[in-house]
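These notes are about the structure you will find just below.
Keep in mind the model is a prediction, meaning the values are calculated, not measured.
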Amino acid sequence: MTPPRVWQHLTDMARSKRDQSAHKLRTAVSKRGEAERKLATLVGYRRDYLAKLEAATRAGIKADGLANYRAFIANLDRAIEQQEAVLASMHTDVGFAQTDWQHTQTRVDSLDVLDKRRAQTAAKHEARREQKLTDEYAARRSRGGGDD
């Protein structure tokens, strides 16, 4: 039977890996949140500049001003596309981190179950040993050869 300290060591290692996985998951979720906020900011800028362009067009904008607005909006469109790609990558990273954390948590749970079974088996063996000693003592007393 595996000694309790070995089980404790295995469980501690598994919990440490699980905690590292949880930290990676928190980091990935945080980065994804940042990417979502950046994308929302870029989309907001684009919406604002389109509104400004529309107002400027109604007010009568010069050709070079119109070209500047359009060029800036095109730059925002590229930045939005890039940020969407970053966000998609972050979603993938979060998915991998969640899977990793789930696997490490399952390992911790499995080791806990095995350790409980080990402890129950050890307790049963100890109870049997104690019962055997008690039975032997009672048998000796009943034969008159007790150690009183």
Side-chain angles (χ1 to χ4, degrees), residues 1-56 65-148:
M1 183 176 294
T2 307
R5 69 181 186 284
V6 173
W7 280 109
Q8 187 61 45
H9 180 69
L10 289 172
T11 302
D12 290 347
M13 285 177 35
R15 286 175 199 228
S16 176
K17 287 182 182 180
R18 181 213 42 212
D19 294 346
Q20 289 172 359
S21 292
H23 178 72
K24 288 178 185 177
L25 176 58
R26 281 191 302 273
T27 300
V29 168
S30 176
K31 286 182 178 181
R32 182 184 63 187
E34 290 173 25
E36 288 170 342
R37 285 187 293 280
K38 285 180 184 178
L39 178 60
T41 300
L42 289 169
V43 169
Y45 285 156
R46 185 179 190 282
R47 185 179 47 249
D48 291 346
Y49 274 90
L50 284 174
K52 287 179 183 179
L53 174 60
E54 185 178 326
L66 180 62
N68 287 339
Y69 268 108
R70 287 185 178 165
F72 186 72
I73 290 170
N75 285 338
L76 281 174
D77 287 340
R78 282 190 293 281
I80 288 170
E81 287 175 12
Q82 290 171 353
Q83 194 59 33
E84 286 172 340
V86 167
L87 184 57
S89 175
M90 293 297 156
H91 281 295
T92 301
D93 290 349
V94 167
F96 285 139
Q98 283 175 329
T99 300
D100 184 50
W101 178 83
Q102 288 168 343
H103 287 148
T104 58
Q105 181 61 44
T106 299
R107 180 160 174 78
V108 168
D109 293 343
S110 297
L111 287 170
D112 285 344
V113 167
L114 290 172
D115 190 42
K116 285 177 187 173
R117 287 181 188 164
R118 182 207 52 81
Q120 289 170 346
T121 300
K124 284 179 186 177
H125 286 295
E126 181 61 21
R128 286 182 190 141
R129 188 186 69 75
E130 288 177 9
Q131 184 63 46
K132 183 179 176 184
L133 290 174
T134 302
D135 291 348
E136 288 174 1
Y137 178 75
R140 274 188 259 135
R141 285 197 63 166
S142 68
R143 288 192 302 248
D147 296 329
D148 293 337

Item to complete: Kindly indicate, with the supporting measurements, whether the criterion side chain to side chain contact (heavy atoms under 4.5 Å, CB included) is fulfilled by Leu25 and Asp100.
Response: CA-CA 9 Å; Leu25 176 58; Asp100 184 50; over 6 Å; no
Item to complete: Kindly indicate, with the supporting measurements, whether the criterion side chain to side chain contact (heavy atoms under 4.5 Å, CB included) is fulfilled by Leu133 and Glu130.
Response: CA-CA 5 Å; Leu133 290 174; Glu130 288 177 9; 5.5 Å; no
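For residues 25-56, the pairs satisfying ring-ring contact (aromatic ring centres under 6.0 Å, His included) are Tyr49-Phe72, with sequence neighbours left out.
Checked for salt-bridge contact, Arg129 and Glu126 meet the test: a charged N lies under 4.0 Å from a carboxylate O. Between Arg118 and Asp115 there is a salt bridge, since at least one side-chain N of the basic residue sits less than 4.0 Å from a carboxylate O of the acidic one. Salt-bridge check for Arg15 with Asp112: passed, with a basic side-chain N closer than 4.0 Å to an acidic carboxylate O.
From Arg26, atom CZ reaches atom OG of Ser21 across 10.5 Å, with rounding to the nearest 0.5 Å. In this structure, the separation between OG1 on Thr104 and NZ on Lys24 is 9.5 Å, given to the nearest 0.5 Å. Rounding to the nearest 0.5 angstrom, the gap separating the CD1 atom in Ile73 from the CZ atom in Arg47 is 13.0 Å. Here CZ of Arg107 is found 6.5 Å from NZ of Lys17. Values are rounded to the nearest 0.5 Å.
The shortest side-chain heavy-atom distance between Asp109 and Val113 does not fall under the 4.5 Å cut-off. In this structure, Gln102 and Gln105 have side chains that are not in contact, with every pair of non-hydrogen atoms separated by 4.5 Å or more. No side-chain heavy atom of His9 sits less than 4.5 Å from a side-chain heavy atom of Asp12.
More than 12 heavy atoms of other residues, nucleotides or ligands sit less than 6.0 Å from atom NE2 of His91.
Across all their heavy atoms, Arg37 and Ser30 have their closest contact at NH2-O, 4.3 Å. What you find for Leu111 and Leu10 is that their closest heavy atoms are CD1-O, 3.7 Å. When every heavy atom of Gln83 is checked against every heavy atom of Leu42, the shortest pair comes out as CB-CD1, 3.9 Å. Heavy-atom minimum distance, Val108 versus Arg18: CG1-NH1, 3.8 Å.
Each of Asp93, Leu87, Thr92 was compared with Ser89 under the side chain to side chain contact (heavy atoms under 4.5 Å, CB included) criterion, and only Asp93 meets it.
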